[in-house]
There are 2 protein chains.
Amino acid sequence: MSGRPASPHTLASAEEPVVFVVDDDASVRDALSNLFRSVGLRVEVFGSAHEFLQSKLPNVASCLILDIRLPRLSGLDFQAELAKADIRIPIIFMTGHGDIPMTVRAMKAGAVDFLTKPFRDQDMLDAVTTAIERDRVSRDEARVLSDLHARFATLTPREREVMGLVTAGLMNKQIAAEIGIAEITVKIHRGHIMRKMAAKSLPDLVRMAEMLGIGPASGRPQT
Amino acid sequence: MSGRPASPHTLASAEEPVVFVVDDDASVRDALSNLFRSVGLRVEVFGSAHEFLQSKLPNVASCLILDIRLPRLSGLDFQAELAKADIRIPIIFMTGHGDIPMTVRAMKAGAVDFLTKPFRDQDMLDAVTTAIERDRVSRDEARVLSDLHARFATLTPREREVMGLVTAGLMNKQIAAEIGIAEITVKIHRGHIMRKMAAKSLPDLVRMAEMLGIGPASGRPQT
DNA sequence: GGCAGGATCATACCTAGGTTTGGGACCGCG
DNA sequence: CGCGGTCCCAAACCTAGGTATGATCCTGCC
């Protein structure tokens with residue numbers, strides 16, 4: 001217990017966020033880089049979507065500043081690509097001459113903001129603050145859910161079935177009748193479930209089941 | 001209550017949805033009215049935001065088509081007014097000459113779509129379908145939550161406190177120690193809670209507490 | 001004052017949940 | 001073929017949850 005900066009299992013919120021900038025215009029990159037650095041934000045710039053994809057994304061809260069009009073791949077298409085590749089990062093669009101349908105499409109797809117050039121520095125900074133915070137929250141949620149999935153994966157098929165029935169509110173004897181085994185066996189499964197899932201109480205387990213989307217009908221819902 | 005035609009709790013989804021159109025241009029109102037009626041949708045048109053507000057909103061899934069440029073109150077301001085008055089209805093904006101900041105503001109505030117005139121009929125119909133469906137889901141959720149709140153309101157302060165601790169996973173004896181009463185009294189409160197909330201099981205009660213956003217009120221994180 | 005409702009508690013009794021100990025049976029895999 | 005994992009079960013034993021009966025105390029209210 002010394003002055004260690006962070007534990008191995010650190011919250012995304014505990015580390016330094018990063019702003020990624022993708023724009024083919026070097027002067028824009030420089031300007032944004034200076035802007036963000038002036039308020040103490042880490043920045044990484046890229047000249048193309050391709051470059052950005054090749055870089056290794058750090059596991060910290062981040063956001064992406066994207067020009068809608070990129071050389072080989074438009075900002076909107078890039079947004080769609082990221083979504084398809086399951087890379088979830090809040091996006092802030094910039095545009096010199098965008099139109100309304102573009103804007104609608106981007107916002108519907110979850111963009112944080114859509115700024116028209118020239119924009120005020122403060123508007124960009126506000127958007128980035130919102131985006132980083134959104135990513136921080138979503139990363140924290142994802143981490144919790146991932147831990148949960150890992151524990152759930154250690155359950156045997158039978159234990160998963162029993163977990164569904166337990167969290168649905170059935171009594172041990174009802175569960176036993178439902179799946180055709182003895183009540184004592186249900187109790188044993190139940191004990192295993194509580195230990196493997198690290199649930200401190202039944203309400204705890206119920207909340208885990210909710211997060212995992214577990215119902216009594218779940219035969220093998222493993223994604 | 002005498003004149004109750006339908007069953008006491010009807011799903012919003014079970015009734016005929018309505019499309020509201022607010023536009024100061026009569027020809028636009030007529031055109032949209034015809035369009036929606038041609039696909040079998042109920043329509044009600046208004047010449048101003050004021051007129052719309054004066055009308056009694058039926059309790060069915062609905063959506064609102066709004067021109068961004070209304071005479072006395074802009075579409076955006078009207079959207080804000082509705083939000084402030086806690087009138088939640090999905091909004092689809094139309095505009096002849098809108099700009100991107102307007103679009104962004106509308107979409108951030110939750111607009112379903114933002115169509116530029118002239119738009120294709122199909123685009124409008126798609127937007128309406130999405131909006132109606134969104135409203136249907138949100139009404140169903142609101143109805144369930146409202147029932148829950150009504151039952152929760154019948155709990156005494158003490159019962160609410162105990163409910164928070166029970167659903168947090170504390171044992172009866174822990175709850176008793178926590179609030180300084182006997183375990184038997186906790187059990188009695190607990191029985192009252194289950195009956196008043198109409199919970200068929202503890203998991204049931206836990207899910208209700210989740211929906212109501214109930215924690216161990218006295219700020220006791222048990223994670 | 002008296003009444004209603006909330007909150008408290010005791011005793012008694014019953015059911016539900018949970019662990020331990022000690023098995024038996026099946027199956028895939030090295 | 002034996003090892004490990006899964007699934008099954010029983011007896012014994014303990015704790016936790018839940019209800020009923022009956023009671024006391026207080027407070028707000030007509």
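Lettering of chains follows the sequences in order, A, B, ..., and the numbering in each one begins at 1. Worth saying up front: this structure is predicted, and the values here are computed from it rather than measured. Side chains are part of it too, since the values below use all heavy atoms of this structure and drop only hydrogens, waters and symmetry mates.
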Practice item. Output yes when at least one side-chain N/O atom of B:Lys173 is less than 4.0 Å from OP1 or OP2 of D:dA16, else no. Key: yes

Study note, to complete from the structure: Per side-chain contact (heavy atoms from CB on, under 4.5 Å), A:Ile91 is matched among A:Val22, A:Leu66, A:Ile65 by A:Leu66

Revision key, fill the gap. Separation of D:dG17 atom P from B:Ile193 atom CD1, nearest Å, is 13 Å

Review point. Nearest of D:dC8, C:dT8, C:dA16 to any side-chain atom of A:Arg158?
Key: D:dC8

Check your understanding: Rounding to a whole Å, what distance do you find between A:Ile188:CD1 and C:dT21:P?
Key -> 13 Å

Practice item. Could you tell me whether the side chains of A:Ser33 and A:Arg37 share a donor-acceptor contact shorter than 3.5 Å? Key: yes

Study note, to complete from the structure: A:Glu183 atom CD is separated from D:dA10 atom C1', nearest whole Å, by 13 Å

Revision key, fill the gap. In whole angstroms, the gap separating C1' of C:dA16 from CG of A:Leu170 amounts to 14 Å

Review point. Using a cut-off of 4.0 Å on non-hydrogen atoms, how would the nucleic acid contact of B:Thr185 be classed: base, sugar-phosphate, or nothing?
Key: base

Review point. Is the phosphate of C:dG17, meaning OP1 or OP2, less than 4.0 Å from a side-chain N or O of A:Asn172?
Key: yes

Point to revise | Length of the line joining B:Ile181:CD1 and C:dA10:P, which is rounded to integer Å | key: 11 Å

Revision key, fill the gap. note: B:Ile175, atom CD1; C:dT8, atom P; distance rounded to Å ~ 13 Å

Review point. With the threshold set at 4.0 Å, does a side-chain nitrogen-carboxylate oxygen contact exist between A:Asp86 and A:Lys84?
Key: no

Practice item. Kindly point out which of C:dT8, D:dA16, D:dC9 is positioned nearest to the side chain of B:His189? Key: C:dT8

Review point. Atom CD1 of A:Ile184 and atom P of D:dC13: how far apart are they, to the nearest Å?
Key: 14 Å

**Study point:** Atom-to-atom span, NE2 of B:His192 to C1' of C:dG5 - whole angstrom
**Key:** 11 Å

Point to revise | Electrostatic pair A:Arg136:A:Glu133 at N-O distance under 4.0 angstrom | key: yes

Practice item. Ignoring backbone atoms, establish whether A:Thr156 has a side-chain N or O less than 4.0 Å from OP1 or OP2 of D:dC7. Key: yes

Point to revise | B:Gln79 side chain to B:Ala106 backbone, donor-acceptor under 3.5 Å | key: yes

